[in-house]
Amino acid sequence: MWNQVCGKIFSDYTDELKNRNIRYFVLRNYENLPEQNIGKDVDVIVDPKRKKDAVSILKSVYRKNGLHYYDEAVFDQMTCTHGMGLKNKTGIHIDVIGGYLSRGYELYTFDELYRHVAEYKGFCVLGELMDGVMLLVYKLFGYRKPKLKEKYREKIYEIYTKYPKEYQEELERLTDSAFAEIIVESIQKKDFDNIIACNQEFSKKLVRHAHRKARIKTLGRRIRFLWQKTDRTIFRYRKFKRVFAVLAPDGTGKTTFLDELIEQLNRYYVSDPEDGKFHVYHFRPTVLPNLGAVGEKAGVMEQDKDFTNPHRSKPANPISSFVRMGYYMMDYIIGWQKCVRNDVRCDRYSVFDRYSYDFIVDPLRSKIGLPMAIRKMFVALTPKPPIVFVLNADATTIFERKQELTKEEIERQLTVYRKLAKSGKRFYVINAERTPEEMAEEALEIIFKKYCS
C-alpha cells in the first residue's frame, strides 16, 4: 500500500517534528524512505516528554493528506497508528514510541539512544551500531518463544561484522562479559538458534540491567504496563472491541464477500493475513463443542458430518430443542467474553460468519423446533455485534448459484432477514448482486465510520 501519498505523509511528518523542535529518530527499514518502505510500518521514536504532541501532529498530517479515518492502539509507550483514505485508496501504519520500553523495562533512555542519531536523506535515524544492538535485544527480550526472521539475522550479522568491538561492549554493558562472549560467538557462527535457546537467561540479565539503572522507575513502569493490559481487556474492553457479523442465505456469496472484505481491511491496515488481525468465527464462538461431537464422545450417538445439506435433519423435539438453544446461548455468552476480550488484548477484529440471529431465520439448520417467540427470547440474551451486514439478492439469482436450499426456502429466509434488518440501527443491508469489490467498499466505509475516528 505504500505509495506517493504515504511518502508525502512521512516527509510532512518528519518535517513538522523538526519544525516543532521535537527530537525523534526512525528505527530500521528506513533505507528507501520516503519513496518506498521495505517494512510494513514505520517506527518513529520520539522524546517521551513530547509524545502526545507527536501523535497529535501525525493525526493532523494524515487528514491533510486525505486519510480521513484514523485508528490507534496504545501499548505501553507505543501508539500504533493507522491512517486510511478510501478515496485515494491509501493505508499507512506508523508507530509513535515515547522512548524505547519493552513490557515496562527501559534498557536505554531516549537521551542515550539519541546520542547515536544520524541524518539520512533529510530525516533522523538511529545509527547503524545501536540499530543492530536494539534489533537483537528487542526481538528476543521478554518473549517465551521468540522468532528471529532471516532478514533480521542477516542484518545483525552484517552490523556486528562492521563494529565487532563496539557491539560486544554494548552487550557486556547490558549483560556481563561471559554471557556477551557466548552471544558474540553465536553471531560469528550465524548460530542464531543458540541465541534463541539462551533467551530466558538473556531476558533475566536484561531485566536486572533495567532494575540496576532505575529500580523505582522500573517498578512504576511495570505497574503501568500491567495495568494497561488489565484495563484494556477487563474494565474497558467494550470501548476497544471491534466486532461485526455477516448474515445471508446459503448461495448469496457470503464467503466470497467476507474474503474480499478482510483482504481489503488487511490492505488498509497494512497487515498480512498471517498476522491474524481479523479473527473469523463460524456461526458461534465454539468455546463449547458441537453437541454432535459431545454425543459421539459420550457414546450415545454418531455425529452427523454431512454439511452439504443444511436441512438434512428433522427438528428435535421441544425439550431437546430447548436444551440445544440453552446450550448454544451459553456458548455465545461465555464465548463472547472469552474470545472477544482476547481479541481486544491482541488488537484484533472479531468477525462472525453468521450469528445467533440464524436461530430466528433458519432454526432447522441447528435442529431447533421451537416457536419464534421462544427463539427470539434466547437470541435476545446473546451479546450483539455493533455491526451486522445482511446480504440481499434476488431469490432466483441465489438459487442459480447454489441449490442447497429450495427457491421457496431462500425467499422465506430473505423475507425474515429483511424484516430483521429493519429492527435495529446495527443492521446494514448490502446489495449482493454487485461485485465482491463493490460490496466490500460499501462495508469498509461502515466499519471505518464505526471504529475509526
Side-chain angles (χ1 to χ4, degrees), residues 17 20-28 43-58 72-81 94-117 124-127 129-144 146 166-180 183 198-236 240 345-347:
L17 290 176
R20 300 280 192 94
N21 294 317
I22 298 178
R23 294 184 298 164
Y24 79 94
F25 59 86
V26 178
L27 193 66
R28 75 182 62 96
D43 291 338
V44 181
I45 315 297
V46 300
D47 184 342
K49 298 175 183 177
R50 302 292 303 278
K51 178 176 176 281
K52 186 175 180 180
D53 294 334
V55 173
S56 179
I57 291 168
L58 183 55
E72 73 173 34
V74 179
F75 301 99
D76 206 355
Q77 286 294 87
M78 179 178 74
T79 300
C80 176
T81 78
I94 296 179
D95 293 334
V96 181
I97 309 170
Y100 209 171
L101 277 70
S102 179
R103 293 166 174 78
Y105 295 107
E106 184 179 63
L107 304 178
Y108 290 97
T109 67
F110 178 80
D111 289 333
E112 287 173 333
L113 292 174
Y114 197 74
R115 286 198 289 268
H116 296 269
V117 164
C124 298
V125 301
L126 185 61
L129 166 63
M130 191 56 65
D131 196 30
V133 173
M134 301 297 282
L135 181 58
L136 174 68
V137 168
Y138 281 96
K139 290 298 179 183
L140 300 179
F141 181 37
Y143 291 99
R144 292 182 181 177
E166 296 88 344
Y167 202 104
Q168 183 164 347
E169 287 175 350
E170 281 300 322
L171 289 178
E172 288 177 355
R173 197 163 73 86
L174 292 171
T175 58
D176 56 58
S177 57
F179 191 81
I183 298 298
C198 299
N199 184 58
Q200 294 301 313
E201 182 65 22
F202 193 19
S203 293
K204 288 179 182 177
K205 290 182 180 296
L206 294 174
V207 167
R208 284 199 291 269
H209 174 79
H211 280 295
R212 283 197 304 267
K213 285 188 66 176
R215 187 172 300 276
I216 301 301
K217 285 185 177 180
T218 298
L219 177 61
R221 293 185 185 114
R222 283 291 292 165
I223 292 172
R224 182 183 63 192
F225 170 71
L226 296 172
W227 170 250
Q228 279 183 341
K229 292 180 64 176
T230 304
D231 181 48
R232 182 181 177 87
T233 58
I234 296 179
F235 298 110
R236 291 198 298 162
F240 298 108
R345 180 181 65 84
C346 299
D347 192 35

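All values below come from the heavy atoms of this structure, side chains included, with hydrogens, waters and symmetry mates left out.
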### Check: Asp95 main-chain N/O paired with Thr81 side-chain donor or acceptor under 3.5 Å
no
### Query
Do Leu129 and Asp131 come close enough that some side-chain heavy atom pair is under 4.5 Å?
no
### Query
Of the non-hydrogen atoms in Lys139 and Leu135, which two are nearest, and what is the gap between them?
CG-O, 3.0 Å
### Query
Any sub-3.5 Å donor-acceptor pair from Arg222's side-chain atoms to Arg103's backbone N or O?
yes
### Message
Using modelled atom types and a 3.5 Å cut-off, is there a donor and acceptor pairing between side-chain atoms of His209 and backbone atoms of Arg173?
### Response
yes
### Message
Going by the rule salt bridge (charged side-chain N to carboxylate O under 4.0 Å, His left out), which residues pair with Arg115 if we only count those two or more places apart in sequence or in a different chain?
### Response
none
### Task
Using modelled atom types only, decide if a donor and an acceptor are shared between the side chain of Ser203 and the backbone of Gly142 within a distance under 3.5 Å.
yes
### Query
Do Tyr167 and Glu172 have side-chain atoms, one donor and one acceptor, less than 3.5 Å apart?
no
### Query
Has the side chain of Ser56 got a donor or acceptor atom that lies under 3.5 Å from a matching backbone atom of Lys52?
no
### Task
Working to the nearest 0.5 Å, report the span between CD1 of Ile45 and CZ of Phe110.
8.5 Å
### Task
State yes or no: are the ring centers of Tyr105 and Phe225 separated by less than 6.0 Å?
no
### Message
Applying salt bridge (charged side-chain N to carboxylate O under 4.0 Å, His left out), can you list everything that pairs with Lys51, at least two apart in sequence or on another chain?
### Response
none
### Query
Are the side chain of Asn199 and the backbone N or O of Tyr143 linked by a donor-acceptor pair below 3.5 Å?
yes
### Task
Would you please name every residue forming a ring-ring contact (aromatic ring centres under 6.0 Å, His included) with Tyr100, sequence neighbours left out?
Tyr138
#### Entry: For Gln200 against Arg144, the heavy-atom pair lying closest together
NE2-O, 3.8 Å
### Message
Measuring only between side-chain heavy atoms, which start at C-beta, is Leu174 closer than 4.5 Å to Val137?
### Response
yes
### Main-chain N/O of Leu107 paired with Lys213 side-chain donor or acceptor, under 3.5 Å
yes
### Message
Run the salt bridge (charged side-chain N to carboxylate O under 4.0 Å, His left out) test against Asp347 and tell me which residues pass, sequence neighbours left out.
### Response
Arg232, Arg242, Lys277
### Sidechain-backbone polar pair: Asp76 side chain, Met78 backbone, donor-acceptor under 3.5 Å
no
### Query
Of all residues at least two apart in sequence or in a different chain, which pass the ring-ring contact (aromatic ring centres under 6.0 Å, His included) check with Tyr24?
none
### Any side-chain heavy-atom pair of Arg23 and Lys49 under 4.5 Å
no
#### Entry: Electrostatic pair Arg50:Asp53 at N-O distance under 4.0 angstrom
yes
### Set of salt bridge (charged side-chain N to carboxylate O under 4.0 Å, His left out) partners for Glu72, sequence neighbours left out
none
